[in-house]
2 protein chains.
Amino acid sequence: MTRTTLLPAMQNAATSDTIAQALSLAIHEHRITPGTKLGEDELAEIYGVSRTVVRASLQSLSHLKLVDIRRNKGARVASPSLTEAHEVFEARELLEPRTARSAAKLATPSDIALLERHINEEHAALDTADPGRALYLSGLFHTEIARIANQGTIAGFIETLVARSSLIIALYWRRESALCEKHAHHALVRALADHDEEQAEALMRSHLVDLHSALDLRERNSRAPSLKEALSQ
Amino acid sequence: MTRTTLLPAMQNAATSDTIAQALSLAIHEHRITPGTKLGEDELAEIYGVSRTVVRASLQSLSHLKLVDIRRNKGARVASPSLTEAHEVFEARELLEPRTARSAAKLATPSDIALLERHINEEHAALDTADPGRALYLSGLFHTEIARIANQGTIAGFIETLVARSSLIIALYWRRESALCEKHAHHALVRALADHDEEQAEALMRSHLVDLHSALDLRERNSRAPSLKEALSQ
DNA sequence: GAACACATAATTGTATACAATACAAGAAGA
DNA sequence: TCTTCTTGTATTGTATACAATTATGTGTTC
């Protein structure tokens, strides 16, 4: 983890919030990956603050389950287990379709325009070979829909679930199914624009199921690759 | 807020977690009410630690929306707005019925026994005129069901929603509808014991709707009682 | 060469000191 | 009397210092 990996352009006034946001963005964009050690001194130097402030950010991120803090062992970027991964997507499948339905009822033309801008940015990021940013924007699309639905509490839940999904994708994504969404978001926006609640809910549900099944969440010999296999390569 | 209000029996080793838990319990049991100032020095003295540790607990509680921290203004017990109150219960109505269904599928005899113990304790607390404790146990009943459903992520959401409900009840409960649940929890346990998923889901939904409507969530002249009225008493 | 013990370094946990901000009371002026 | 300014006090924000714990590396023994 280098200075340039984490520092966007923040020469002045780093508060605990801005640091948490910067780290969160770096995690979203896969610039730092699950398991990465987040040393307090290191971060303190990078952002030009004392450990006090850094600790506050790390604690904040640990409440979002983006960072795993263990007593006397420090903080690392979280590595969701298979169980957690399933749970996160099941939670999303429970929350987001209904939320998309509400969003379809409430979406204004300016909401639609914003979502379309997001999609365009996402495609642009893909074209410029910046998959991390594309992934971040793809998540933003989901949190934005939650915001449109005007249910702040649920939107907050979805936001954390989307963030955790980013970790899960980093760990369990299988490249084979690279055909991914591409049109799913477009279709969703269309349903929202048409105030077609039924369709919005259905599209969101199937979109999430697609995502879920595009992950390699089979049971695996986790943490003990039998040693023989691992060394026989 | 006195020593005895917050200190259960903790003469040694108060960590940030134990303090957060103690405060959370006090909030649950309505021993400290929305709006109460939580001064850092005060808490530090009460629990015999430095402000560093206290700050960590308060930040933790603020992530759960039990405490409201404002920069340079300190921490107070949160006072959910009417909007927030509605949102919390709508979120519960979305999450908990489905969770109760899962719990009905998975509940073991020992789970049922535990739930029945909770109900008995709750009644005992009511008999000994300890409504705060009864309220806490009533919330515990809901989080316990979420735990049985074996969906840790959703259970975590429900836990925070239940906690926030405690604040909402402190602010908006109307005594008139004191007939409250009493049997609702019993009926739910029965449905869980019978593995009657349909029934469990339906009962949980109607139970939550009852709770929601037992609140006085009408629009009110919030935060500006016109000054004349306030002073004419 | 492997396993252990010990010393040393690095890192985190907690307390304290200082700086910055907000709040309250009182003084000066209109 | 009311307004406004000033000053003092209390409280929070941040940095630093020290304590406790963990990680590392070296030598020793088998």
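Chain naming here is simple, since letters A, B, ... match the order of the sequence lines and numbering starts at 1 in each. This is a predicted model, so every value here is computed, not measured. What's counted below: heavy atoms across the whole structure, side chains too, no hydrogens, waters or symmetry copies.
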Within 6.0 Å of CZ in Arg147(A), more than 12 heavy atoms from elsewhere: yes
Atom pair distance, as rounded to whole Å: CD in Glu45(A) and P in dT11(C): 12 Å
With Glu40(A) via salt bridge (Lys or Arg N to Asp or Glu O under 4.0 Å) - residues at least two apart: Arg51(A), Arg55(A)
To the nearest Å, give me how far apart CG (Leu43(A)) and P (dT11(C)) are. 12 Å
Rounding to a whole Å, what distance do you find between Asp17(A):CG and dG13(D):P? 11 Å
Expressed in angstrom and rounded to an integer, what is the separation of Lys73(A) atom NZ from dT22(D) atom P? 7 Å
Reported NZ-to-CG distance for the pair Lys65(B) and Leu161(B), which is rounded to 0.5 angstrom: 11.0 Å
Enter the distance from His86(B):NE2 to Leu215(B):CG here, rounded to the nearest 0.5 Å. 8.5 Å
Whole-Å distance, Ile19(B) CD1 to dG13(C) P, equals 15 Å
Can you sort out the partners of Thr33(A) under side chain to side chain contact (heavy atoms under 4.5 Å, CB included), two or more places apart, ordered by chain and number? Thr36(A)
What I'd like to find out is whether the side chain of Leu208(B) reaches to under 4.5 Å of the side chain of Glu96(B), using heavy atoms alone. yes
B/S/- contact track for nucleotides 14-20 of chain D, protein heavy atom under 4.0 Å: BBB----
Distance check: side-chain N/O of Lys37(B) vs OP1/OP2 of dT12(D), anything under 4.0 Å? yes
